[in-house]
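Given the structure is predicted, the values throughout are model-derived calculations rather than measurements.
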Amino acid sequence: MRNLPPLARLRTFEAAARLQSFALAAQELHLTASAISHQIRDLEQHFGRALFVRSHRQVQPTSEGLRLFESLGRLFDALEATCAEVQLPTHDEVLAVHCAPSLALKWLGPRLPAFLAQHPTINIRLTTGAEPVDLIVMREVDVALSYGAPRHKPGLDVFSLGDESVAPLVSPQLLTPGEGAEEAIRRLVLIESQLSPVRWADWLEGNGIAMPSRPRLSFDRAAMAVAAATDGLGVALESTRLAARELERGDLVTLKSHRIQAIKQPLHFVSLRLSDRDRSPVAAFVDWVATQANDL
C-alpha cells in the first residue's frame, strides 16, 4: 500500500503554491479559505514539516514545499495527458517523445508531418529539454532524442543518429569578394553554442588557426546560434544538420578552404527501453528517425 497523502490535499497544495495565496486557491477550487488552510495543515502534519512561510497577504513555499510543488506540476501534467489519451479512439496510439530543443525545432519538427501522414493513428506527445531524460525513471516518456552524451543504463537501447559535420556557418552577405575562409573567421564575430561539445577553441586548434583576441557570442541553444548567423551577427560553429534548411535556402554558407576541415562526430542520440522496442508506435517512430538520419 502506497504511503501517500490524499490526492485532494496535493491538489490543494499545488494550487496554493502556484497562486501563493490560500484565498485565491479557495476561489479556484471552489472551497473556503478555512478549508484550504485546514487541508494544508493536514498535509504538513503528514510530512512532519512546514510547507509554507505564511505572511499577511500571501504565502511562500519553503524549500521543501517548492520541491514538492515542482514535482507535483510534472505529475499533474502527466496525469492530465494520460486522462486525455484515455478518451482517444480505441484504435489510436500515443507516443511520448522527449527531444533536445534545437533538434526538435530545426530537424524533427519539420519532418513530423511526413511521419504522421504515414502513421495516422499515432498521436505524438512531444516535450523538449536540454538535459537527457532517464527513461528508467520517467516511464511517461517512450523515446528520447538527446544532445551530447546520452544516458547508458541496463535496460536501454541507445544509438546515435550518425556523424554530424560541425563547420563554420555564415550569411553570404557578410563575405567580401576574394576573401578567404580563414580571413573571414579572423574578421567576423565568432558565435557558438554553450552546450556544444565542439567549441571554437577546439575547432581552431584542430585547423591550426589562432584564436582571435576579441569578444565572442555564445548561446545556450544551437538554434539560437544558427539564427544569429542567419541574421548576420557573425560566423557560427554549428552542426550542418541543424542548419540544413538555411543552407538549402542559401541563407547560410559553409566556410571552406583546402586547409579547413570540418569536425565530424555523433552529436544526437536516440534512447528507448528495450522492453518497448517491439511496441508498434515505438518501433515505427525509431525506425523512421533512423531512416531520416541516414538520408542526410
One should read off an interatomic distance between Asp163 CG and Leu267 CG, to the nearest 0.5 angstrom, of 8.5 Å
Less than 4.0 angstrom from a charged side-chain N to a carboxylate O is my criterion; do Glu70 and Arg74 meet it? no
With side chains defined as the heavy atoms from C-beta onward, is the minimum distance between Lys264 and Thr240 less than 4.5 Å? no
I need the Arg54 CZ to Thr62 OG1 distance, nearest 0.5 Å. 9.5 Å
Shared hydrophobic cluster for Leu252 and Leu237 (ILVMFWY, side-chain gaps under 4.5 Å): no
Tell me, do Leu135 and Val141 make a side-chain contact under 4.5 Å, heavy atoms counted? yes
Can a donor-acceptor pair be found, under 3.5 Å and without considering hydrogens, that links the side chain of Arg273 to the backbone of Ile136? no
With a 4.5 Å cut-off on side-chain heavy-atom distances among I, L, V, M, F, W and Y, is there a chain of contacts connecting Leu95 to Trp107? yes
Taking side chain as C-beta onward, heavy atoms only, is Leu116 less than 4.5 Å from Pro113? no
What salt bridge (Lys or Arg N to Asp or Glu O under 4.0 Å) pairs are there with at least one residue in residues 198-212, not counting sequence neighbours? Glu192-Arg199
Report the C-alpha separation of Ser280 and Glu93 in whole Å, then their side-chain angles, then the decisive distance to 0.1 Å, and conclude whether the side chain to side chain donor-acceptor pair (under 3.5 Å) test is met. CA-CA 9 Å; Ser280 57; Glu93 299 174 286; 3.1 Å; yes
Are there more than 12 heavy atoms of other residues, nucleotides or ligands under 6.0 Å from atom CZ of Arg249? yes
Which donor-acceptor pairs under 3.5 Å do side chains of residues 153-162 form with protein atoms, sequence neighbours excluded?
| unit_1 | atom_1 | unit_2 | atom_2 | d |
| --- | --- | --- | --- | --- |
| Lys153 | NZ | Asp134 | OD1 | 3.4 |
| Lys153 | NZ | Asp134 | OD2 | 2.4 |
| Ser160 | OG | Gly162 | N | 3.2 |

Does the side chain to side chain contact (heavy atoms under 4.5 Å, CB included) test come out yes or no for Leu233 and Val189, once each step is laid out? CA-CA 7 Å; Leu233 271 70; Val189 173; over 6 Å; no
Can you tell if the side chain of Ile185 reaches within under 4.5 Å of the side chain of Ile260, non-hydrogen atoms only? yes
Strictly distance-based, threshold 3.5 Å: is any side-chain N or O of Thr128 a donor or acceptor partner for the main-chain N or O of Pro101? no
Mind checking whether Tyr147 and Pro132 have side chains closer than 4.5 Å, heavy atoms only? no
Let me have the donor-acceptor pairs involving side chains of residues 28-39, under 3.5 Å, with sequence neighbours excluded, atom names and distances please.
| unit_1 | atom_1 | unit_2 | atom_2 | d |
| --- | --- | --- | --- | --- |
| Glu28 | OE1 | Arg18 | NH1 | 3.2 |
| Glu28 | OE2 | Arg18 | NH2 | 2.7 |
| Thr32 | OG1 | Ala35 | N | 3.0 |
| Ser37 | OG | Arg41 | NH1 | 2.9 |
| His38 | NE2 | Asp42 | OD2 | 3.3 |
| Gln39 | OE1 | Thr12 | OG1 | 2.6 |

Side-chain heavy atoms under 4.5 angstrom apart, residues restricted to Ile, Leu, Val, Met, Phe, Trp, Tyr: same cluster for Leu247 and Val235? no
Check for me whether the distance between the ring centres of Phe22 and Phe52 falls short of 6.0 Å. yes
Tell me the salt bridge (Lys or Arg N to Asp or Glu O under 4.0 Å) pairs involving residues 96-110, sequence neighbours left out? Lys106-Glu246
Quick one: side-chain contact (heavy atoms from CB on, under 4.5 Å) partners of Gln20, sequence neighbours excluded? Gln58, Gln60
In terms of heavy-atom contacts, does CZ of Arg277 have more than 12 from other residues, nucleotides or ligands at under 6.0 Å? yes
Pairs in or reaching into residues 218-235: which pass side chain to side chain donor-acceptor pair (under 3.5 Å), with residues at least two apart or in two chains? Gln194-Ser218
Do the side chains of Pro110 and Arg245 get nearer than 4.5 Å, heavy atoms only? yes
Side-chain contact, heavy-atom cut-off 4.5 Å: Glu164 with Pro266? no
What do the steps show when you test Asp142 against Arg125 for salt bridge (Lys or Arg N to Asp or Glu O under 4.0 Å), and what is the final call? CA-CA 10 Å; Asp142 298 311; Arg125 176 154 44 90; over 6 Å; no
Should we say atom CZ of Arg9 is surrounded by more than 12 heavy atoms from elsewhere, each under 6.0 Å from it? yes
Lys/Arg-Asp/Glu bridge criterion (N-O < 4.0 Å) met for Arg187, Glu179: yes
Is there a side-chain contact between Ile124 and Val94 (heavy atoms, below 4.5 Å)? no
If you count the non-hydrogen atoms of other residues, nucleotides and ligands that lie under 6.0 Å from CD in Gln173, is the total more than 12? no
Are there more than 12 heavy atoms of other residues, nucleotides or ligands under 6.0 Å from atom CD of Glu131? no
Test item: Trp200 side-chain N/O and Ile191 main-chain N/O as donor-acceptor pair under 3.5 Å: yes
